[in-house]
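So the structure is just underneath, and the comments pick up after that.
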Amino acid sequence: MPKMVVEARIVRNTEIGVNVKELVLYAPEIAAQAVPGQFLHVRVADSYYPLLRRPLSISSADRIAGTVSTIYRVVGQGTACLAALSSKDSVDCMGPLGNGFVIHGQRPLLVGGGMGLAPLLFLAGALCPRPTEILMGGRTKEEMFWADMFHNKCDAIHITTDDGTLGSCGVTLDLLPEVLKSGAFDVIYTCGPRIMMEGVAKVAKTYNIPCQVSLEEYMACGIGGCLSCTCAGQDGLRKKVCTDGPVFWAQEVMS
Amino acid sequence: MSIGDSDMLGVTIAGIKMKTPVMTASGTFGFGLEYKDFVNLNKIGAVVVKGTTLLPRSGNQGRRIAETPAGMLNSIGLENPGVDEFLSTILPRLKDYDVPVIVNISGNTVEEYGELAARLNVADVAGVELNISCPNVKEGGIAFGTNCNSASAVVKQVKSNTDLPVIVKLSPNVTDIVAMAQSVEDAGADAISLINTLLGMSIDIYKWRPVLGNVVGGLSGPAVKPIAVRMVWQVARAVKVPVIGMGGIVTAEDAIEFMLAGASAVAVGTANFINPCAAHSVADGMKDYIKQRGLSHVNELIGKVNL
Ligand SMILES: Cc1cc2nc3c(=O)[nH]c(=O)nc-3n(C[C@H](O)[C@H](O)[C@H](O)COP(=O)(O)OP(=O)(O)OC[C@H]3O[C@@H](n4cnc5c(N)ncnc54)[C@H](O)[C@@H]3O)c2cc1C
Ligand SMILES: Cc1cc2nc3c(=O)[nH]c(=O)nc-3n(C[C@H](O)[C@H](O)[C@H](O)COP(=O)(O)O)c2cc1C
Ligand code: FES
């Protein structure tokens with residue numbers, strides 16, 4: 001499927017959590033093709049600093065309205081530039097880039113942490129009508145505005161917070177075995193911090209459940225041309241996170 | 001592209017016929033195919049493919065890029081599938097396009113450069129570019145690129161192993177760029193390209209650690225342009241072979257500056273990451289400029305800076 005670069009009008013760019021915003025872009029060509037797990041590569045400012053594009057996962061696509069969205073945390077200069085834009089503006093946006101999740105099985109479990117929940121939101125919608133459950137983790141209650149967003153997409157939502165202010169106290173990995181015992185899951189999709197995904201992949205392996213992970217790497221081109229983003233594959237070959245991924249079967253990139 | 005365009009922009013560099021003077025810089029445009037959704041490869045002056053070595057290389061560990069003011073550092077470490085894989089699976093796919101393919105090569109020894117050139121001496125390769133200037137790997141040629149005698153030895157070895165035009169890519173990490181240029185010209189270089197990246201470093205002040213896994217990396221992008229223009233100007237007036245200018249070109253105006261400094265062609269690198277159609281926009285802008293200035297051909301710009 002062809003990738004595109006478009007000048008996308010901003011429909012809205014609104015705060016949905018502390019330092020977290022949802023950007024909705026009018027980009028019908030991208031919306032028509034986007035699948036969960038793919039990302040946008042956004043020129044956050046027409047400037048030389050920041051210079052490079054910023055990769056952001058697609059958190060939803062509405063083919064009828066012609067919009068694609070992304071949910072991002074303001075962490076540095078580039079995302080701060082993006083946060084300053086409003087619906088009068090437009091942004092130069094490449095997409096949809098990368099390979100998405102492979103829809104597999106009948107009883108999916110999603111495991112997400114932090115901003116890794118953004119692509120899982122798009123995925124949860126696409127998995128309907130399969131009975132889908134999600135295990136999500138964050139530092140504290142304020143970060144868990146996500147629960148409301150998954151509410152009408154998942155049959156059950158399991159929550160952990162580091163400080164125990166919402167759900168069970170701890171991290172997703174602590175609760176994972178319990179969640180797995182509660183249902184006959186036949187596929188796991190995970191996105192979040194690398195440590196979490198590695199842990200999830202390990203548990204999935206012991207339970208013999210196929211698992212897909214969505215990796216994050218520093219990227220320049222986003223389309224396979226610069227080799228900034230490669231990681232070691234289990235087959236001994238390098239994998240480009242931008243074009244071979246960002247979604248991989250766990251055994252392709254983790255031991 | 002209409003006939004008129006190539007009439008105005010077409011150039012021949014070291015015998016390589018190009019529809020525009022705008023090439024893509026090695027390592028920033030993959031093997032060209034990665035960009036095919038965004039650009040018409042047939043409209044690019046020449047595609048210079050990623051640095052290729054005799055054996056496959058997996059590149060450097062850890063974080064490979066860092067953004068810096070108006071530029072970026074990279075330490076890819078010459079990851080590439082090796083020359084055999086290039087010849088057997090990548091080159092055949094490039095045959096579908098009507099664009100000169102120039103292969104950028106790197107060796108550990110003089111003999112390796114020669115061996116690479118010999119294997120690439122095939123019909124579908126338009127030329128080789130000797131990377132004697134990669135700052136990112138010990139063997140990446142920088143040792144050859146900072147010493148006139150060894151640079152000259154590499155060029156001679158390659159020339160005796162190929163019938164193809166040989167472009168030598170110079171490192172800016174030297175004290176006397178003109179001396180380097182003259183040595184490679186004397187050794188038989190058919191063209192000279194410059195600049196490769198400038199050795200740089202970034203430190204994370206919260207972790208007190210280098211940002212790049214490789215500690216140091218090569219600086220590219222708009223930040224390096226004035227250095228590149230200066231070096232192209234110095235080299236172009238000191239050698240007879242054509243000079244291919246690069247370093248920070250994003251717009252047609254940037255490219256025109258290089259031509260006025262003495263470049264006969266240019267390459268866009270980092271700009272491909274910002275705008276995947278950069279090679280087209282630069283060429284289109286050059287054409288507009290030529291028309292506006294009442295000129296008939298891009299060649300009329302070469303070295304025309306008035307001192
Ligand atoms: C495939 C993919 C999908 C992503 N999806 C999301 C998402 O949905 N929501 C979200 O909030 N973030 C997401 N990220 C991370 C996001 O790209 C970074 O947070 C963002 O680039 C930071 O830019 P900055 O200028 O604000 O930060 P700075 O730290 O100032 O950025 C400096 C440089 O580092 C890069 N960078 C910094 N952090 C990261 C990171 N974690 N991953 C990759 N590059 C980084 C920047 O792109 C920039 O080139 C994703 C990353 C990837 C690779
Ligand atoms: C990510 C990256 C990879 C590169 N790889 C190579 C390479 O393999 N061989 C080479 O000769 N130059 C390589 N270069 C250097 C470029 O070809 C070019 O000389 C340099 O980046 C300056 O141009 P620019 O400022 O337009 O990018 C690389 C540059 C970048 C940014
Ligand atoms: S970001 Fe350039 S190859 Fe992946």
Side-chain angles (χ1 to χ4, degrees), chain A residues 1-7 29-30 33 41-55 75-81 91-98 194 216-244, chain B residues 24-39 47 49-51 56-81 85 136 211-213 217 220-223 225 248 250-251 269-278:
Chain A
M1 268 187 285
K3 305 157 185 168
M4 275 158 284
V5 52
V6 297
E7 190 68 26
E29 307 89 337
I30 296 178
Q33 296 193 28
H41 211 22
V42 181
R43 185 93 204 274
V44 292
D46 187 11
S47 79
Y48 281 173
Y49 195 35
L51 178 72
L52 298 173
R53 291 170 179 271
R54 298 297 190 261
V75 293
Q77 199 187 1
T79 44
C81 286
V91 285
D92 174 346
C93 175
M94 281 166 80
L97 303 187
R194 175 93 195 187
E216 211 175 87
E217 258 309 334
Y218 290 90
M219 293 181 176
C221 71
I223 53 174
C226 71
L227 307 178
S228 299
C229 68
T230 66
C231 68
Q234 291 300 309
D235 58 4
L237 298 176
R238 302 292 296 182
K239 308 279 176 214
K240 295 175 190 173
V241 171
C242 66
T243 48
D244 296 325
Chain B
T24 55
S26 174
T28 64
F29 204 70
F31 292 102
L33 300 161
E34 293 85 348
Y35 278 79
K36 69 175 169 27
D37 283 354
F38 298 96
V39 289
V47 170
V49 303
K50 175 67 191 167
R57 286 183 56 97
S58 55
N60 289 330
Q61 294 296 312
R63 181 165 168 186
R64 289 178 169 185
I65 55 161
E67 202 176 50
T68 56
M72 64 179 283
L73 290 170
N74 88 79
S75 62
I76 308 298
L78 285 181
E79 176 176 338
N80 79 93
E85 173 80 5
N136 290 327
V211 173
L212 294 179
S220 64
K225 194 186 80 174
V250 178
T251 64
T270 303
N272 292 310
F273 307 152
I274 305 157
N275 170 14
C277 322

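Keep in mind that what you see is a predicted model, and the values were worked out from it rather than measured. Every chain is numbered from 1, with letters handed out A, B, ... down the list of sequences.
In summary, the side chains of B:Glu34 and A:Thr243 do not present any donor paired with an acceptor at a separation below 3.5 Å, with no hydrogens or angles considered. Checking B:Arg64 against A:Thr230 by side-chain atom types alone, a donor-acceptor pair falls below 3.5 Å.
For the set A:Glu217, A:Arg54, A:Gln77, A:Met219, the entry with the most heavy-atom pairs within less than 4.5 Å of chain B is A:Arg54. The greatest number of non-hydrogen atom pairs below 4.5 Å with chain B, out of A:Gly224, A:Gly236, A:Gly222, is found for A:Gly224. Between chain A and the options B:Gly30, B:Pro56, B:Cys277, heavy-atom pairs under 4.5 Å are most frequent for B:Gly30.
Put simply, CZ on B:Arg63 and SG on A:Cys229 are 13.5 Å apart, with the number rounded to the nearest 0.5 Å. Taking CG of A:Leu52 as the start and OG1 of B:Thr68 as the end, the distance is 8.5 Å to the nearest 0.5 Å. In this structure, CG on B:Asp37 lies 8.5 Å from CE on A:Met4, to the nearest 0.5 angstrom. Taken from SG in A:Cys226 to CD1 in B:Ile65, the straight-line distance is 6.0 Å, to the nearest 0.5 Å.
With contacts defined as side-chain heavy-atom distances shorter than 4.5 Å, the pair A:Ser228/B:Ile76 qualifies. With a 4.5 Å cut-off on side-chain heavy atoms, B:Val250 and A:Tyr48 count as touching. B:Thr270 is listed as a side-chain neighbour of A:Leu51, based on a closest heavy-atom distance under 4.5 Å. Using a 4.5 Å heavy-atom threshold, the side chains of B:Tyr35 and A:Cys221 count as touching.
In B:Gln61, the CD atom is not crowded: 12 or fewer heavy atoms of neighbouring residues, nucleotides or ligands sit closer than 6.0 Å. At most 12 non-hydrogen atoms from other residues, nucleotides or ligands lie less than 6.0 angstrom from CG of A:Asp46.
Interface remark: A:Met94 contributes side-chain atoms only to the contact with chain B (heavy atom separation under 4.5 Å). Contact of B:Ser58 with chain A is made through backbone and side chain together, with heavy-atom distances under 4.5 Å.
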Check the pair B:Glu67, A:Arg53 against salt bridge (Lys or Arg N to Asp or Glu O under 4.0 Å), reporting the backbone distance first and the verdict last.
CA-CA 10 Å; B:Glu67 202 176 50; A:Arg53 291 170 179 271; over 6 Å; no

Output, in order, the C-alpha distance, side-chain angles, deciding distance and verdict of side-chain contact (heavy atoms from CB on, under 4.5 Å) for B:Phe38 and A:Ile223.
CA-CA 10 Å; B:Phe38 298 96; A:Ile223 53 174; 3.8 Å; yes

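Of all the heavy atoms in B:Pro276 and A:Val5, the pair that sits closest is CG-CG1, 4.3 Å.
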